[in-house]
Q: 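Would you mind keeping the following structure in view while I ask a few things?
Chain identifiers are assigned alphabetically (A, B, ...) following the order of the sequence lines, protein sequences preceding nucleic acid strands; residue numbering begins at 1 within each chain. These numbers were taken from a predicted model, which means no experiment stands behind them.
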Amino acid sequence: MLRELIYERLKSILSEQEFQYDFNVEVPDERFGDFSSNVALIGARYFKKPPIEVARYFINKLSNDPLFSEVSVAGPGFLNFKISKDYYINILNDMLTKEKNYWKPKKNGLKLQFEYGSANPTGPFTVGHGRQLIIGDVLSNVFKFLGFDVTREMYLNDAGRQIRLLAKSLWVRYNELFGKSFELPEDGYKGGYLIDFAKKLKDEIGDKYLEKWDNEIEKFFMDYAVRNILEMMNSTLEKLDSKFDSVVSEKSLIEKGLVDEVLEIFKNKGLIYEKDGAVWFKVSNLINEEDKVLIRSDGTYTYFLTDIAYHYDKFLRKFDKVYDIFGSDHHGHIPRMKASLKALDIPESFLDFILHQFVTLKRNGQVVKMSTRSGEFVTLDELIEEVGKDATRYFFAMNDINTHLNFDLELAKSKTVDNPVFYVQYAYARINSVFEKAREKGIKFRFKEDIERLEKEIELNLIKHLDELSFVLKDTTEKLSPHILTNYIYGLSEKFHSFYAKEKILDDSDLPLSNARLNLLYAIKIVYEIVFNLLGITAPDHM
RNA sequence: GUGCCUGUAGCUCAAUUGGAUAGAGCACUGGACUCCGGAUCCAGAGGUUGCGGGUUCAAUUCCCGCCAGGCACGCCA
């Protein structure tokens, strides 16, 4: 990785002087060179000399280094580097030899868990869940590619009050089918899917539970509704090509006794008390917030309590680090969650939250209101149906997670409008078609041969861009931002299309050059396959 | 009221966490295959980075204060 090589060289020059400070190596505007560094600007303070003089010191030290064809100083004291052609050829050769392993660092044994897509199983996934699912899926993929031991997990809140509301709502729908009218409970679920479930249920059991309601029947309706909703959710996940390694249910945590264990620990630490018939957690002892209820006066557990137990469970499962991916509406949950982990003597660094802002869905310029309970929403299923899996995944990944995502349905649906997904996929299809054309023309592809014929600026620049994938993957995991990856592949596509338009790849009059360029395309193809795989979108041979 | 996020070209978004003349796409203007896929490419125009201070060699980025939008402040999840 070029960036690292340059960084190491600069660092070792610093250590000769026994200086140690942070600086960066980055890709500047093309007119400045291949890479640049601010090492001299920052170093001025340590060298006690003007930046330009410090820069000259570095240039002197690096002048005979075969890695560079040129090192210069510019502006206020930036060091600009041009990588030698020979080195680029070496790198390309290395990529072709190692294929995708070129971009994989040595194994990193850290055990990570990503929790995302967690929801009440009370309705189908909404568009909002979609963003979360893709962020979680893509980040998991990248961490895994970089050698981490990754578990993707979904948490199901299948034990709470909402499930009982769901059961009752289904029961009301069921009765309606027999012409018996009951009021939907307040905050009940109004979604049409419950009517479908009710019809199915009527076929299966007839009038068995008509106008009857007790604890047994409630349990039956809860199980029936949850089972069917999970089926819906799984079918959506399949369409999205999103797989979980495990699903943890709230119910199972309670049955395992983890909630009791947590309560016991808190009790021993004097962190709980009773008031108004409920059990409270002394959050105010730990952070500057109000105390919270753990057990309601009717004896049921709050979400907060079972979630603490869940995170205790994660800790007992010996993850080195866990990430919770939520919508930004959950941000209020963070401080108290961190406080409770502290109360359990779990190190603060164990848990990190990744919050994403909301998705605003627009249809004909109008904002579509989404709410699971009112039943007015566009489901993730419908969205995938309309715009396809690839566009859905790419669009959810391509924005900074901290910004609101405007998803214009009409625009996304339209096949004629320019779509970044098509742009990047088209580049890949084009590469394939060049190889096909070469076969038609009888130009034989000689793997790893003739590559020293590559010398044009744009060719070497493409090699640099391929090399940069290592940095981009690292950056994606450090900033926990999938959009860095989509930006990268879009940038590679721009460079490739530009190269394609400018230079003829298959040139009958110069077969070695053609072969060199085919080798370059082969390396580009590997990078596309890596990135498409990480994003979970298809790599089309033809379009 | 308190806390979190956001504000960048007409629109949708970037900007390598403090770097050089703030970049792309759409839309607009004008060009490019008798040729490896024109779903492409090249060029032009478009900016007081919400406003005002501060920190320093350097601020879209960090700090303070305003303004605007989103979200959260439950014995909901």
Q: Taking only the P atom of each, what is the distance from B:G69 to B:U8 in whole angstrom?
A: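 Their P atoms lie roughly 14 Å apart.
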Q: For A:Lys441, answer base if it contacts any base atom (sugar-phosphate contacts may also be present), sugar-phosphate if it contacts only those atoms, and nothing otherwise; contact means non-hydrogen atoms under 4.0 Å.
A: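 It contacts nothing in the nucleic acid.
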Q: Side chain to side chain contact (heavy atoms under 4.5 Å, CB included) for A:Leu166 and A:Met222? Distances and angles first, verdict last.
A: CA-CA 7 Å; A:Leu166 178 75; A:Met222 286 191 336; over 6 Å; no
Q: Would A:Lys314 and A:Tyr310 count as a cation-pi pair here, with the cationic atom under 6.0 angstrom from the ring centre and within 45° of the axis?
A: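 Yes, A:Lys314 and A:Tyr310 form such a contact.
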Q: Do A:Leu513 and A:Asp450 touch side chain to side chain, with heavy atoms closer than 4.5 Å?
A: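 No, every pair of side-chain atoms sits at 4.5 Å or beyond.
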Q: Does A:Arg430 make a cation-pi contact with A:Tyr500 (under 6.0 Å, within 45 degrees of the axis)?
A: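 Geometry flag: set, cation within 6.0 Å and 45°.
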Q: Of all the base pairs, Watson-Crick or G-U under 3.5 Å, which form stems of three or more consecutive pairs involving RNA chain B?
A: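 Stem segments, range with range: B:1-7 with B:67-73, B:10-13 with B:23-26, B:28-32 with B:40-44, B:50-54 with B:62-66.
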Q: Check the interface with nucleotides 19-24 of chain B: list each N/O to N/O pair with the protein under 3.5 Å, or write none.
A:
residue: B:G19; atom: N7; partner: A:Asn38; partner atom: ND2; Å: 3.2
residue: B:A20; atom: N6; partner: A:Ser36; partner atom: OG; Å: 3.2
residue: B:A20; atom: N6; partner: A:Asn80; partner atom: OD1; Å: 2.7
residue: B:A20; atom: N1; partner: A:Asn80; partner atom: OD1; Å: 3.3
residue: B:A20; atom: N1; partner: A:Asn80; partner atom: ND2; Å: 3.1
residue: B:A24; atom: O2'; partner: A:Glu494; partner atom: OE2; Å: 3.2

Q: Kindly point out which of B:G74, B:U16, B:G37 is positioned nearest to the side chain of A:Val27?
A: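 In terms of side-chain proximity for A:Val27, the closest of B:G74, B:U16, B:G37 is B:U16.
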Q: In whole Å, measure the gap between the P atoms of B:G65 and B:G1 for me.
A: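 Per the computed distance, 14 Å lies between those P atoms.
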Q: Strictly below 4.0 Å: does A:Arg336 bring a side-chain N or O up to OP1 or OP2 of B:A72?
A: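 Negative; the distance criterion is not met.
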Q: Determine the interatomic distance between C1' on B:A9 and the same-named atom on B:A14; round to the nearest Å.
A: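 That atom pair is separated by 13 Å.
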Q: In this structure, is the centre-to-centre distance between the rings of A:Tyr323 and A:Phe114 below 6.0 Å?
A: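 Yes, the ring of A:Phe114 comes within the 6.0 Å limit of the ring of A:Tyr323, centre to centre.
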Q: Within the 4.5 Å heavy-atom criterion, are A:Asp390 and A:Phe532 side-chain neighbours or not?
A: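 Counting from C-beta outward, A:Asp390 and A:Phe532 never come under 4.5 Å.
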Q: With rounding to whole Å, what would you report as the distance between B:U16 and B:U21 at their P atoms?
A: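 16 Å, rounded to whole Å.
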Q: Any chance you could lay out the side chain to side chain contact (heavy atoms under 4.5 Å, CB included) test for A:Ile254 and A:Thr306, step after step, and finish with the verdict?
A: CA-CA 8 Å; A:Ile254 297 169; A:Thr306 51; 4.0 Å; yes
Q: Counting C-beta onward and ignoring hydrogens, is there a side-chain heavy-atom pair between A:Tyr428 and A:Val424 closer than 4.5 Å?
A: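 Heavy-atom side-chain distance check fails, nothing below 4.5 Å.
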Q: Under 4.0 Å, heavy atom to any atom of RNA chain B: which of residues 495-503 of chain A qualify?
A: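 Within this stretch, A:His497, A:Ser498, A:Tyr500, A:Ala501, A:Glu503 sit under 4.0 Å of the strand.
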Q: Could you check, using the six-membered ring where one of them is a Trp, whether A:Phe407 and A:Phe396 have ring centers closer than 6.0 angstrom?
A: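 Ring-ring flag for A:Phe407/A:Phe396: true, centres closer than 6.0 Å.
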Q: When you compare B:G19 with B:U61, how far apart are their C1' atoms, in angstrom units rounded to a whole number?
A: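 One C1' to the other, the span is 11 Å.
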Q: What's the closest nucleotide to the side chain of A:Arg430 if the choices are B:A14, B:A77, B:G37?
A: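 Nearest listed nucleotide: B:G37.
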Q: Does B:A77 have OP1 or OP2 under 4.0 Å away from a side-chain N or O of A:Tyr301?
A: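 It does not, given that no N or O in the side chain of A:Tyr301 lies less than 4.0 Å from OP1 or OP2 of B:A77.
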Q: Would you mind telling me which residue lines up with the more 5' stretch of RNA chain B, A:Asp475 or A:Val293, judged by nearest nucleotide?
A: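 This one resolves to A:Asp475.
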Q: Within the sub-3.5 Å range, which N or O atoms of nucleotides 11-13 of chain B have a protein N or O partner, and how far apart are they?
A:
residue: B:C13; atom: OP1; partner: A:His404; partner atom: O; Å: 3.3
residue: B:C13; atom: OP1; partner: A:Asn406; partner atom: N; Å: 3.3
residue: B:C13; atom: OP1; partner: A:Asn406; partner atom: ND2; Å: 3.4
residue: B:C13; atom: O3'; partner: A:Asn399; partner atom: ND2; Å: 3.0

Q: Can you tell me whether the side chain of A:Ser433 and the base of B:C36 have a donor-acceptor pair closer than 3.5 Å?
A: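 No, no donor-acceptor pair under 3.5 Å.
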Q: Measuring from the side chain of A:Arg161 (C-beta onward, heavy atoms only), which nucleotide among B:U17, B:G37, B:A77 has the closest atom?
A: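 Of the options given, the side chain of A:Arg161 lies nearest B:A77.
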Q: Is A:Arg3 side chain donor-acceptor paired with the B:U16 base, going by distance under 3.5 Å alone?
A: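 Looking at the base of B:U16, it does pair with a donor or acceptor on the side chain of A:Arg3 (distance under 3.5 Å).
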Q: How about A:Tyr116 and A:Phe244: are their ring centres within less than 6.0 Å of each other?
A: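 When the ring centroids of A:Tyr116 and A:Phe244 are compared, they turn out to be within the sub-6.0 Å range.
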Q: Just so I know, are the side chains of A:Glu115 and A:Met154 near enough to count as touching, which here means a heavy-atom distance under 4.5 Å?
A: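 Answer no - side chains too far apart.
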Q: Walk me through whether A:Gln357 and A:Ile401 qualify under side chain to side chain contact (heavy atoms under 4.5 Å, CB included).
A: CA-CA 6 Å; A:Gln357 295 296 313; A:Ile401 61 174; over 6 Å; no
Q: Please report the distance, rounded to the nearest Å, between NE2 in A:His129 and C1' in B:A77.
A: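 Checked: the NE2 to C1' distance equals 10 Å.
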Q: Base, sugar-phosphate, or nothing: which does A:His542 touch, judged by heavy atoms less than 4.0 Å apart?
A: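 Base, at least one base heavy atom under 4.0 Å.
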Q: Between B:A15, B:C36, B:C75, spot the one nearest the side chain of A:Lys437, thanks.
A: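 When the side chain of A:Lys437 is considered, B:C36 is the closest of B:A15, B:C36, B:C75.
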Q: What's the gap between B:G25 and B:G44 when it is taken at their P atoms, as a whole Å value?
A: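 Their P atoms lie roughly 12 Å apart.
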Q: Without decimals, in angstroms, what is the distance between A:Asp329 CG and B:G74 P?
A: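 Going from CG in A:Asp329 over to P in B:G74 covers 14 Å.
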Q: Of the candidate nucleotides B:C36, B:A77, B:C5, which contains the atom at the shortest distance from the side chain of A:Asn402?
A: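 Shortest atom-to-atom distance from the side chain points to B:C5.
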Q: Determine, using ring centers only, whether A:His465 and A:Phe496 are less than 6.0 Å apart.
A: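 For A:Phe496 and A:His465, the ring centres are not under 6.0 Å apart.
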Q: Using atom C1' of each nucleotide, how far apart are B:A43 and B:A24 to the nearest Å?
A: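 Pairwise C1' distance, B:A43 against B:A24, rounds to 16 Å.
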Q: Under 3.5 Å, side-chain donor or acceptor atoms of residues 274-290 of chain A against the rest of the protein: list the pairs with distances, not counting sequence neighbours.
A:
residue: A:Trp280; atom: NE1; partner: A:Lys275; partner atom: O; Å: 3.1
residue: A:Lys282; atom: NZ; partner: A:Gly270; partner atom: O; Å: 3.3
residue: A:Ser284; atom: OG; partner: A:Asp291; partner atom: OD1; Å: 2.7

Q: Measure the shortest side-chain to side-chain distance between A:Met337 and A:Lys342 over non-hydrogen atoms and say whether it is less than 4.5 angstrom.
A: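 Counting from C-beta outward, A:Met337 and A:Lys342 never come under 4.5 Å.
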Q: Report the C-alpha distance between A:His331 and A:Phe326 in whole Å, list the side-chain angles of each, state the deciding distance to 0.1 Å, and finish with yes or no for ring-ring contact (aromatic ring centres under 6.0 Å, His included).
A: CA-CA 8 Å; A:His331 75 261; A:Phe326 292 132; over 10 Å; no
Q: Assign B:U17 to syn or anti; the rule is syn for a glycosidic angle within 90° of 0 and anti otherwise.
A: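 With its glycosidic angle within 90° of zero, B:U17 counts as syn.
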Q: Please determine if A:Glu8 and A:Lys11 form a salt bridge, counting it only when a charged side-chain N lies under 4.0 Å from a carboxylate O.
A: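 A salt bridge is absent here (no side-chain N lies under 4.0 Å from a carboxylate O).
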Q: More 5' along RNA chain B: A:Pro51 or A:Glu468, using each one's nearest nucleotide?
A: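 Going by which nucleotide is closer to the 5' end, it is A:Glu468.
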Q: Does A:Arg517 have a side-chain nitrogen or oxygen under 4.0 Å from the phosphate oxygens OP1 or OP2 of B:C36?
A: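 For B:C36, neither OP1 nor OP2 has a side-chain N or O of A:Arg517 closer than 4.0 Å.
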Q: Under 4.5 Å between any side-chain heavy atoms of A:Lys525 and A:Leu521, yes or no?
A: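 Result no, sub-4.5 Å side-chain heavy-atom pair not found.
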Q: Between the protein and nucleotides 2-4 of chain B, list every N/O to N/O distance that falls short of 3.5 Å.
A:
residue: B:G3; atom: N2; partner: A:His331; partner atom: NE2; Å: 2.4

Q: What's the CZ-C1' distance between A:Phe23 and B:C57, to the nearest Å?
A: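 Rounded to whole Å, this separation is 19 Å.
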Q: Tell me yes or no: between the side chains of A:Tyr426 and A:Ser493, is some donor less than 3.5 Å from an acceptor?
A: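 Their side chains do not contain a donor-acceptor pair, so the 3.5 Å distance test is not met.
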Q: Rounding to a whole Å, what distance do you find between A:Arg45:CZ and B:G18:P?
A: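 In whole Å, B:G18 P lies 14 Å from A:Arg45 CZ.
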Q: If the P atom of B:G18 is compared with that of B:C64, how far apart are they to the nearest Å?
A: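 It comes out at 15 Å once rounded to the nearest Å.
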